[in-house]
Chemist: 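For reference, the structure I am asking about is given below.
Computed over heavy atoms, backbone and side chain alike; hydrogens, waters and symmetry mates excluded.
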Number of protein chains: 2
Amino acid sequence: MPAAPRRATTIRDVAARAGVSPATVSRVLTGNRPVSPAIHSKVQRAIKELDYVVNAQARALSGTNTQTIAILIPDVAWSFHGQVAHGIEQQAIAEGRLSLICSTLGDPQREVALIEMLRQRSTEAVILVGGADTNDEYVSRIGRLAEALDREGSRLVLCGRPAPKPGLPVTVVDYDNEGGAYAAAGHLLSAGHRRIAFIGGTPGNTTFDARHAGYRRALADHGVDADPALTVHGPAARGFGHEQVRTWLAAGDLPCTAVFCFDDLIAAGVIAAARESGLKVPDDLSVLGYDDEPLAIDVHPALTTVHVPHEELGRTAVRQALHRDDPMNQSRGQSVTLGTHLVLRQSVRTYRRGA
Amino acid sequence: MPAAPRRATTIRDVAARAGVSPATVSRVLTGNRPVSPAIHSKVQRAIKELDYVVNAQARALSGTNTQTIAILIPDVAWSFHGQVAHGIEQQAIAEGRLSLICSTLGDPQREVALIEMLRQRSTEAVILVGGADTNDEYVSRIGRLAEALDREGSRLVLCGRPAPKPGLPVTVVDYDNEGGAYAAAGHLLSAGHRRIAFIGGTPGNTTFDARHAGYRRALADHGVDADPALTVHGPAARGFGHEQVRTWLAAGDLPCTAVFCFDDLIAAGVIAAARESGLKVPDDLSVLGYDDEPLAIDVHPALTTVHVPHEELGRTAVRQALHRDDPMNQSRGQSVTLGTHLVLRQSVRTYRRGA
DNA sequence: CTGAAAGCGCTTACAG
DNA sequence: CTGAAAGCGCTTACAG
């Protein structure tokens, strides 16, 4: 048996079968030019019979928009990004676009390589999800990519981080990280806590910087000095929260009555370690998270945390990317910031006033 | 200000700048033909200076492999699929491929539409992740798509479901759903449980059918009659598990001493509802999950569940898709089934033997 | 090792 | 409304 030809059906095959020219088939396909009903149905039938699909490469090459939006997220297996991606997809469908997700796996090298591959594919917009580093090299690299995409008629969208520097051709859709942290820390302070640790995150990361700034502002507004020893940097991972509690206990006693965790994953680790050590949450230790991931209601006690509008972030990112110049668009040309809010559950203890 | 030209840099621009022919630039780009060192570096410099990236459409059109693997998952925001996708990405990177994820949002219509779009893009392989329906219409549609992709030199890979029917040009990478369920139900039976409910899932879905079959086989092997009233169908959602416990309690008492949940999400709902109702897990009710999602260690008590090798499933899917004909490949041309195993934690109570 | 030319599968002015 | 032709940006035999 000879090897199969491995040749896909082309527009010429369809044209031959329908007895028309390739140009006419193309007109039926795009639907943007009048075709007589009789020929139209003949062509449609030929397409069905041959199970023909247009070659998107060829189509894109001859000048048509690819109608594709790319989403870059650090890790698909991470709920935060998955939810934002979900919002992006919903809106992409509503706008008739195909959306593709790629993981950077947290590697800036890979992120750049992926953006290059997406440039090659003439993607309509590239959406970068999540916080980022603020070091000069990365910022200037992002700047160059933004300009290259702009030059080629595409658009770089930053979703969940501020613009790295002013004047760049980027679309920004962010959420109020600092405000959420301010409200959350304020809640702990109002509940009577004075020794509040902040654990997780890395300075220089936009998300850490904003959340930690909100924490410090709340302390300052309540006249509490921030003890530097109570801020502990670390990865945004469950294991880190777990380990930190063990470290504190191994060193003697807890240095705080409440822990403000950089995110819910860390908070889950803190709660698990507390239970294993015989500490009661919130009686012996109050725990606060950030992100309001699905997990927050399944840990015990349920986690008080800051809600981030994940899906709305994604939907807005697509809308802004596609309609940034629409006269109808309220927030035309501006960067958009969505609100965050505190969700009260059971992981924070209230001390009596003045106690 | 006139509109920017919006024209991307092409190989001709690079050629002109380097003072060579486009063919030579192409040779530098692909690297598959000798080029003199001097010219090579001149071209490289021109590429850098112009910030040039090849047009993937044009490249694909002239016959080169797209080096792209597409992953179709029901929902990015769902941990199970995210983890499998993660494994796929790892292996895709190792194989030098670009992997793209698309969500079907659980809509078979959309799944087919996406596969069509991927056919258009000459994707090297299309990986379908997760269980599926077994109705005739869907099966024959998948069959047609498999054949179309095969004809075009691509490959359909089913990851986490069996082949819908024999003789199809598909690559199958599945996990032992039935065996895992058999072991899990056997564990409950050995622990002394006799009234074991099975909740969640839908008949006709490959995943449900396999898990429920394992459950029934274990009951039969232990000489326990399966009470049909103890099997309750429903969505694979946390809310369903929660609701089912409330329904049982509202109707009087629990009809069982243990609940085998179709997946961990349902189990999380059952545990939450039990706690709200003042029932102790596992003393008053034993709960068993399936999938071993990250969540399983954060619910309280930690969930006894069946581990699914999510990432390994993904890695294997890519390996099989790309090397299915390699003489070196051990499982060449065969469908692969990965093992599952029970993970014992704290949500199952052991009754005294004979009690 | 290098260049001129053909061709990949489409779309879209350009004629009719 | 329809067809013949040019062109999109590459790659790769084909000559040299």
Chemist: Tell me the interatomic distance from B/H40, atom NE2, to C/dT2, atom C1', rounded to whole angstroms.
Modeler: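 My rounded result for the distance is 14 Å.
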Chemist: Any idea which of D/dT2, D/dG3, D/dG9 is nearest the B/N55 side chain?
Modeler: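 Shortest atom-to-atom distance from the side chain points to D/dG9.
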Chemist: Rounded to whole Å, please give me the gap between CZ in B/R33 and P in C/dT2.
Modeler: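 Computing the B/R33:CZ to C/dT2:P distance gives 13 Å.
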Chemist: Calculate the interatomic distance between A/I11 atom CD1 and D/dA4 atom P; express it in whole Å.
Modeler: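 These atoms are roughly 14 Å apart.
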Chemist: Distance check: side-chain N/O of A/N32 vs OP1/OP2 of C/dT11, anything under 4.0 Å?
Modeler: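 Answer is no, no contact under 4.0 Å.
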Chemist: Ion pair present between B/E137 and B/R141, side-chain N to carboxylate O less than 4.0 angstrom?
Modeler: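 Salt bridge between B/E137 and B/R141, a charged N being under 4.0 Å from a carboxylate O: yes.
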Chemist: Do A/I88 and A/V129 come within less than 4.5 Å of each other through their side chains, counting heavy atoms only?
Modeler: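 They are in side-chain contact.
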Chemist: Kindly point out which of D/dG3, C/dT11, C/dA4 is positioned nearest to the side chain of A/V20?
Modeler: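 Nearest to the side-chain atoms of A/V20, counting from C-beta on, is D/dG3.
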Chemist: Calculate the interatomic distance between A/Q57 atom CD and D/dT11 atom C1'; express it in whole Å.
Modeler: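 One finds 14 Å between C1' of D/dT11 and CD of A/Q57, rounded.
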Chemist: Within the structure shown, what part of the strands sits under 4.0 Å from A/S26 by heavy-atom distance: base, sugar-phosphate, or nothing?
Modeler: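 Base contact.
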Chemist: Name the residue closer to the 5' end of DNA chain C, choosing between B/A58 and B/P34 according to the nucleotide with the nearest heavy atom.
Modeler: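 Comparing both residues, the 5'-ward one is B/P34.
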Chemist: Could you please name the partner base of C/dA4, counting Watson-Crick and G-U wobble pairs only when both distances are under 3.5 Å?
Modeler: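 Base-paired to nothing in any strand shown.
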Chemist: Answer yes or no: does a side-chain N or O of A/T24 lie under 4.0 Å from OP1 or OP2 of D/dG3?
Modeler: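 Yes.
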Chemist: Both distances below 3.5 Å, Watson-Crick or wobble geometry, any strand: find the nucleotide opposite D/dA13.
Modeler: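 Its partner is none (no Watson-Crick or G-U wobble pair with both distances under 3.5 Å).
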Chemist: Under 4.0 Å: is that the gap between some side-chain N or O of A/S21 and OP1 or OP2 of D/dG3?
Modeler: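 Checking A/S21 against D/dG3: at least one side-chain N or O falls below 4.0 Å of OP1 or OP2.
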Chemist: What integer distance in Å separates A/R12:CZ from C/dG9:C1'?
Modeler: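 It is 9 Å, rounded to the nearest whole Å.
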Chemist: Picking from D/dT2, C/dT11, D/dC10, which would you name as closest to the side chain of A/S36?
Modeler: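 Within the option list, the nearest is D/dT2.
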Chemist: Can you give me the closest heavy-atom contact between B/G160 and B/D174, atom names plus distance?
Modeler: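 In this case the closest contact between B/G160 and B/D174 is C-OD1, 3.3 Å.
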Chemist: Can you check the distance between C/dG16 and C/dT12, where both ends of the measurement are the C1' atom (answer in whole Å)?
Modeler: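 Here C/dG16 and C/dT12 have their C1' atoms 16 Å from each other.
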Chemist: Looking only at the side chains, is there a donor atom on one of B/R121 and B/T68 sitting less than 3.5 Å from an acceptor on the other?
Modeler: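 No, no side-chain donor-acceptor contact under 3.5 Å.
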Chemist: Once you round it to whole Å, what is the distance between P of D/dG3 and CZ of A/R27?
Modeler: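 Atom CZ in A/R27 sits about 8 Å away from atom P in D/dG3.
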Chemist: Roughly, in whole Å, what's the span from CD1 in A/I47 to P in C/dC10?
Modeler: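 That distance rounds to 10 Å.
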Chemist: B/L61 has an atom CG; how far is it from atom P of D/dG9, in whole Å?
Modeler: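 Result: 12 Å.
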Chemist: Examine D/dT12: is either OP1 or OP2 under 4.0 Å from a nitrogen or oxygen in the side chain of B/S62? Give yes or no.
Modeler: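 B/S62 to D/dT12 OP1/OP2: no side-chain N or O under 4.0 Å.
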Chemist: Starting from the C-alpha separation in whole Å, work towards a yes-or-no answer on side chain to side chain donor-acceptor pair (under 3.5 Å) for A/S103 and B/E89.
Modeler: CA-CA 8 Å; A/S103 291; B/E89 283 174 329; 2.8 Å; yes
